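One structure is given below, encoded as structure tokens.
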Amino acid sequence: MNHFRRTLIVATLLLLGGCAPAPARTGVPVGVPAPAPTGSAPASAAPSGAFNDTDVMFLQMMVTSHGQGLALVRLAPERAEREELKILAAAIDVTQEAEQRTMRDWLRGWGRSTSADPDANAHAEHGGLPVLGPAQLSALSRTSGARFETDFLNLLIGHQHNAVELARMETTSGVHPEVRELARRIDLSRTAQIDQMLKMLRKAG
């Protein structure tokens with residue numbers, strides 16, 4: 001990646017408020033029974049403070065959502081035409097990879113699974129699991145140019161809207177301050193991304 005493009009990606013990250021979360025503070029959560037060590041990560045990976053089921057559910061569902069989002073944006077470099085779209089996709093890639101790593105560390109530190117329960121009924125009251133699936137990604141990977149860009153933007157707008165809804169669930173019902181702050185930042189950055197992508201769609205039309 002050349003220096004000019006790297007600079008544009010950094011500028012896009014700052015503009016969208018999508019900078020990676022700060023390193024978590026160390027400590028053992030209170031208000032929830034401390035889990036036995038799992039051996040997968042040290043307890044210090046989790047931020048200190050009380051957390052509830054919503055905090056855990058949000059992190060688990062967002063880890064799943066981020067994985068799907070990363071698979072989507074990584075199609076853009078080879079298949080999109082517009083440089084602005086490629087830069088946005090690269091900025092999302094950097095941001096969501098860092099966020100996903102942080103969320104997994106927090107969950108492991110709390111002794112919780114890093115993936116959501118695959119049973120859709122378990123998440124019905126939270127809006128359901130993210131729906132960007134392998135079939136959609138496979139179909140998109142067989143397109144390129146203007147067709148790819150239109151389908152890509154529509155899928156990513158829907159995907160990021162789902163992330164906004166999950167983030168607002170957390171800020172409404174979660175209790176952990178750092179998880180709530182991450183959710184607030186996700187809400188702001190994804191909302192900005194959606195606005196930017198809607199403008200790209202209007203240009204394409």
Side-chain angles (χ1 to χ4, degrees), residues 5-25 46-74 76 82-107 114 116 123 125-132 152-203:
R5 188 170 181 188
R6 187 181 299 112
T7 300
L8 285 175
I9 291 171
V10 171
T12 303
L13 285 168
L14 294 174
L15 177 65
L16 298 179
C19 298
R25 294 193 303 268
S48 61
F51 59 91
N52 66 6
D53 289 343
T54 299
D55 297 319
V56 174
M57 177 74 72
F58 165 72
L59 293 175
Q60 290 173 334
M61 293 178 74
M62 286 304 299
V63 165
T64 299
S65 175
H66 275 39
Q68 295 171 347
L70 288 169
L72 177 58
V73 298
R74 287 170 182 172
R82 283 182 284 176
E83 190 66 16
E84 63 175 340
L85 191 152
K86 293 182 181 182
I87 290 170
L88 175 63
I92 292 172
D93 191 334
V94 171
T95 298
Q96 294 196 180
E97 185 171 23
E99 289 173 350
Q100 188 182 60
R101 185 165 54 248
T102 294
M103 291 187 292
R104 282 175 170 160
D105 285 347
W106 289 358
L107 287 164
T114 59
H123 309 282
E125 65 181 291
H126 304 290
L129 286 169
V131 295
L132 182 60
F152 172 86
L153 287 168
N154 278 310
L155 283 173
L156 189 53
I157 287 168
H159 184 73
Q160 300 300 60
H161 177 74
N162 182 272
V164 169
E165 293 299 308
L166 289 174
R168 291 176 182 175
M169 172 196 76
E170 167 62 22
T171 55
T172 298
S173 303
V175 298
H176 194 283
E178 289 182 67
V179 180
R180 284 168 54 86
E181 173 60 17
L182 174 60
R184 185 190 68 81
R185 290 165 57 184
I186 286 174
D187 185 351
L188 291 174
S189 67
R190 277 40 167 194
T191 299
Q193 289 167 10
I194 290 169
D195 289 343
Q196 184 175 352
M197 288 188 286
L198 286 171
K199 291 175 183 175
M200 290 182 186
L201 274 178
R202 286 193 288 271
K203 288 181 185 178

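Here the structure is a predicted model, which means the values were calculated and not measured.
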Between His176 and Gly49, which heavy-atom pair has the shortest distance, and what is it? CD2-O, 3.7 Å

Has His66 got a side-chain atom pairing as donor or acceptor with Ala98's backbone, closer than 3.5 angstrom? no

Once rounded to the nearest 0.5 Å, what's the spacing between atom CD of Glu165 and atom OG of Ser65? 12.0 Å

To the nearest 0.5 Å, how far apart are OG1 in Thr95 and CD1 in Ile186? 10.0 Å

Okay, side chain of Arg180, backbone of Gly174: is any donor-acceptor separation there less than 3.5 Å? yes

Enter the distance from Asn154:CG to Met197:CE here, rounded to the nearest 0.5 Å. 10.0 Å

Would you check if the side chain of Asp55 reaches a backbone N or O of Val175 as a donor-acceptor pair within less than 3.5 Å? yes

Check for a donor-acceptor pair, side chain of Ser189 on one end and backbone N or O of Arg185 on the other, with a separation under 3.5 Å. yes

Give a yes or no on whether the backbone of Ser173 and the side-chain of Asn52 come within a donor-acceptor separation of less than 3.5 Å. yes

Carefully, step by step, assess His159 and Gln193 under the rule side chain to side chain contact (heavy atoms under 4.5 Å, CB included). CA-CA 11 Å; His159 184 73; Gln193 289 167 10; over 6 Å; no

Please tell me if the side chains of Asn162 and Leu132 come closer than 4.5 Å, counting only heavy atoms from C-beta onward. no

Note: Leu166 and Met61 closest approach over all heavy atoms is CD2-CE, 3.6 Å

How far apart are the closest heavy atoms of Ala183 and Ala167, and which atoms are they? O-CB, 3.3 Å

Check whether any side-chain heavy atom of Trp106 sits under 4.5 Å from a side-chain heavy atom of Glu178, and report yes or no. yes

Roughly how far, to the nearest 0.5 Å, is the CD atom of Glu97 from the OG1 atom of Thr102? 11.0 Å

May I ask you to check whether over 12 heavy atoms, not counting those of Asp195, lie within 6.0 Å of atom CG? yes

Going by atom types only, do Thr191 and Asp187 share a side-chain donor-acceptor pair under 3.5 Å? yes

Any donor-acceptor pair under 3.5 Å linking the side chain of Glu170 with the backbone of Phe58? no

If you compare all heavy atoms of Thr114 against all heavy atoms of Leu107, which two are closest, and at what distance to 0.1 Å? CA-CD1, 3.8 Å

Donor-acceptor under 3.5 Å (Arg82 side chain, Met200 main chain): yes

Take Leu85 and Leu153 through the side chain to side chain contact (heavy atoms under 4.5 Å, CB included) test and state the conclusion after the steps. CA-CA 9 Å; Leu85 191 152; Leu153 287 168; 3.9 Å; yes

Separation between CD of Glu99 and CG of Leu59, rounded to the nearest 0.5 Å: 11.0 Å

Any non-hydrogen side-chain atom of Leu182 less than 4.5 Å from a side-chain atom of Met62? no

Let's go through Lys199 and Glu84 carefully: what are the C-alpha distance in whole Å and the side-chain angles of both, what is the deciding distance for side chain to side chain contact (heavy atoms under 4.5 Å, CB included) to 0.1 Å, and is it a yes or a no? CA-CA 11 Å; Lys199 291 175 183 175; Glu84 63 175 340; over 6 Å; no

